[in-house]
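Comments concern the structure below.
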Amino acid sequence: MADSLANDIIVREAAMRSDRVGFRSIWAQIAKKCDPLSDFNNSSPSEKWDVERLAQIFNSKPVMTLERASSAALSLLVPSGDLWHGLKPIDDDLVDNKAVQEYVDVFRKRLFSWRYDSKAGFQSAIGGAYKHMMAYGVPCIHVEERFGSDAPFLYRHIPLEQIVFAVNSAGIEDTAFRKFPMTAKQMAEKFGESNLVEPVKRVLEDPKVRGEKHFDVIHAVYPRISDRSRFAFDDVYVDVSNKKVMREGGQYEMPYLFSSFGRVDARLPYGYAPGMAALPDMKGAHRAKQLFMRAAEKNVDPPQGVHPDFEGVLNLNAGAMNRGVFNSRGQQLVGPLNMGGNPQLGKDVFDVFNEDINSCFWLDLFITLLNKPDTTATEALLRAQERSDLLAPPFAPQEAMLGRLISREISILNRKAENGEINLPVMPDVLRDNGGIDLEFTSPLAQLRKSRQGSNNLQDINAVAQLAQYKEDVLDIVDFDEAGYEIGQSFGASATIWKDREAVEANRAARAQAEQQMMAEQQQAMQVEQAAKLAPAMKMMTETGGQQ
């Protein structure tokens, strides 16, 4: 049964790989121009580190642009050092509940702490995934559940060359086949030597190789076949060369997480990428740089023209003496040729290609994210609204992938807490009974989306303020407290800088009481002062009345 399953998985993986051959052809062309050490450039494992390929790149601009674009995407979606998402109750009525606030705050901080643990590898994985997203349109991250380790998760970036996948009717990835190399030693460590076939065991026993020979392995994850399984997905590792299943198991959630910059074929789950849009310009810039370098070389060290009467050997080294260069009449028999070219035109064409590459990778738009120090609040929100309109369509789908990643993380943490492996805060009963927690993104991209509401609020308040010139009590219709909170959220201000609403009301009540007491004291002082002024007159009136 195991061998039959192994064969089925191998055949299915090969069929899915052949379906995307057209995409792979484009990915390979992109890799040659902007990602020279990519797996797409390999015809054998040893060629991956053939750095001689770097010497074939005449224009390093696409390579640098890809790096900068992927870094910009990281800062937009998952900025390092920031808590780029929050947790909140599904029931909005529980937002101000103290117990709920304390629970979600502690859970969120612990989640980020485990995610960014040095043993987890999140930053490396997400960086590689977003580089693939900008170049090829499809990022992939594997979130492995760890056992007996300080970090509950292990994150890996999976190169697109290694993995094929399919989606369900909702367009969500539910099937993945990853084909990758493992050494015999790694296979023994992961699956146990008893689960390996004889050829692999012989490599382990060979003192010359010491288990370092590579074998192809397929990791297959797909919706469970048996209704009796407690898992949602079947999980199988196959030795490809020997057609042998090394491990069968299951997964509660899909461990491979994908996204797409924009799907272009309804039959396949792969998508459009900035690298695809930039490919013609990268080719043009590559060719233009070659021509420009040739033209520059000819102008710096031009070819020489020689008169038929010149019979010597020309020495073009600096300070060299050349006899016979001038004839008896003083005419020079050797001289540089005027090629009549225009190197500056070649440079101008090269610059045009590079500008187009920047635009294809969205760098021109990322630059506008920088705020000017002299920008007013209203202007800043209007600019943020414009950026949101342009950035949201291609980058918002990446949040769906992050949402599935966070959901898997939380499920893993809850399972480990139930098993006593880690400690989590106890969920308040009121939260458990009313739907639990939900996800809220607080990344720069999320703040850009909120900027529209903030901009609308500011414009409305400014309009009401103008109306107040004619009727002052129109200001009563505005809840300035709520407006202040929402505008602060639009700017991405931390919630910790805002006072609790109850504390605000208490401060206002105390201030009002102090003002009333001050007014009472002032009134009492005035009464005393008036009484002091009236005292002589009252005394005189009393004395006059007594004399009568």
Side-chain angles (χ1 to χ4, degrees), residues 34-35 37-39 65-87 108-146 149-163 165 172-173 176 178 180 253-262 270-271 273-275 361-363 366 369 391-392 394-413 439-448:
C34 65
D35 193 15
L37 297 182
S38 166
D39 289 347
T65 301
L66 175 59
E67 293 288 346
R68 292 173 181 174
S70 57
S71 296
L74 283 170
S75 65
L76 186 68
L77 293 160
V78 288
S80 178
D82 287 355
L83 300 179
W84 41 268
H85 73 80
L87 301 173
R108 177 198 195 196
K109 289 179 179 177
R110 291 192 186 179
L111 176 55
F112 269 90
S113 175
W114 280 314
R115 180 185 296 142
Y116 283 92
D117 186 288
S118 59
K119 299 181 179 121
F122 176 78
Q123 288 182 287
S124 174
I126 196 71
Y130 280 5
K131 183 176 179 179
H132 257 53
M133 176 185 73
M134 298 304 293
Y136 315 112
V138 182
C140 177
I141 291 180
H142 179 239
V143 183
E144 180 181 340
E145 185 171 353
R146 299 294 297 274
S149 173
D150 294 335
F153 331 107
L154 177 62
Y155 304 87
R156 294 187 185 90
H157 159 57
I158 307 301
L160 192 53
E161 174 70 339
Q162 290 186 3
I163 196 160
F165 63 100
I172 298 174
E173 300 79 14
R178 179 191 174 200
F180 62 104
E253 306 89 25
M254 168 57 75
Y256 290 103
L257 303 167
F258 304 85
S259 182
S260 174
F261 205 81
Y270 308 100
F361 280 103
W362 300 75
L363 279 191
F366 287 136
L369 292 174
L391 288 170
F395 289 99
Q398 314 317 316
E399 289 185 336
M401 170 184 168
L402 292 173
R404 295 193 294 274
L405 180 145
I406 296 167
S407 177
R408 174 159 169 79
E409 291 172 334
I410 292 176
S411 296
I412 291 174
L413 292 180
L439 175 64
E440 180 181 30
F441 285 104
T442 56
S443 64
L445 179 63
Q447 295 303 328
L448 287 176

Measure across P274 and M133 and return the closest heavy-atom pair with its distance rounded to 0.1 Å. CD-O, 3.9 Å
In this structure, SG of C140 is separated from CG of L160 (nearest 0.5 Å) by 8.0 Å
Centres of the F165 and Y256 rings: under 6.0 Å? no
For L83 and R108, what are the C-alpha separation, side-chain angles and deciding distance, and is it a side chain to side chain contact (heavy atoms under 4.5 Å, CB included)? CA-CA 9 Å; L83 300 179; R108 177 198 195 196; 3.2 Å; yes
Taking the side chain as every heavy atom from C-beta outward, state whether F112 and D82 have any pair of such atoms under 4.5 Å apart. no
Backbone N/O of G121 and side chain of S124: donor-acceptor pair under 3.5 Å: no
Which of S259, S443, S260 passes side chain to side chain donor-acceptor pair (under 3.5 Å) with Q398? Answer is S259
For A135 and A273, work out which heavy atoms get closest and say how close. O-CB, 3.5 Å
So, S38 and E161: side-chain donor and acceptor under 3.5 Å apart, yes or no? no
In terms of side-chain geometry, is the basic nitrogen of R404 or E173 positioned less than 4.0 Å from the acidic oxygen of its partner? yes
The reported gap from CZ in R115 to CD1 in I126 (rounded to nearest 0.5 angstrom) is 9.5 Å
Evaluate the side chain to side chain contact (heavy atoms under 4.5 Å, CB included) criterion for residues Y130 and L77: first the C-alpha distance (whole Å), next the side-chain angles of each, then the deciding distance (0.1 Å), finally the verdict. CA-CA 10 Å; Y130 280 5; L77 293 160; 3.6 Å; yes
Can you tell me if S70 uses its side chain to pair, donor with acceptor, with the backbone of K131 under 3.5 Å? no
Check the pair R146, W114 against side chain to side chain contact (heavy atoms under 4.5 Å, CB included), reporting the backbone distance first and the verdict last. CA-CA 12 Å; R146 299 294 297 274; W114 280 314; over 6 Å; no
Heavy-atom check, side chain of L74 versus side chain of Q123, under 4.5 Å: no
How close do E145 and I412 get, heavy atom to heavy atom, and via which atoms? CG-CG2, 3.7 Å
The reported gap from CH2 in W362 to CG in L76 (rounded to nearest 0.5 angstrom) is 10.5 Å
Would you check if I158 and F180 make a side-chain contact, meaning some heavy-atom pair closer than 4.5 Å? no
Should V138 and H132 count as side-chain neighbours, where that means a heavy-atom distance under 4.5 Å? no
Strictly distance-based, threshold 3.5 Å: is any side-chain N or O of S71 a donor or acceptor partner for the main-chain N or O of E67? yes
Closest contact, heavy atoms only, M254 versus A176: CE-N, 4.3 Å
Say you draw a straight line from OH of Y155 to CG of D117; how long is it, rounded to the nearest 0.5 Å? 9.5 Å
Centroid-centroid distance, F261 to F395, less than 6.0 Å: yes
Do I163 and F258 have side-chain heavy atoms sitting under 4.5 Å apart? yes
Hey, could you give me the CD1/CG distance between I410 and L439, rounded to the nearest 0.5 Å? 7.0 Å
Is there side-chain contact between R408 and P255, with at least one heavy-atom pair below 4.5 Å? yes
Hey, what's the ring geometry for F122 with Y116, parallel, tilted or perpendicular (30° and 60° as the breaks)? perpendicular
Main-chain N/O of G403 paired with S407 side-chain donor or acceptor, under 3.5 Å: no
Tell me, with the steps shown, if I406 and L111 meet side chain to side chain contact (heavy atoms under 4.5 Å, CB included). CA-CA 9 Å; I406 296 167; L111 176 55; 4.3 Å; yes
Within-4.5 Å side-chain heavy-atom neighbours: L402 and H85: no
Within a strict 4.5 Å, meaning less than it, do heavy atoms of the L363 and R68 side chains meet? yes
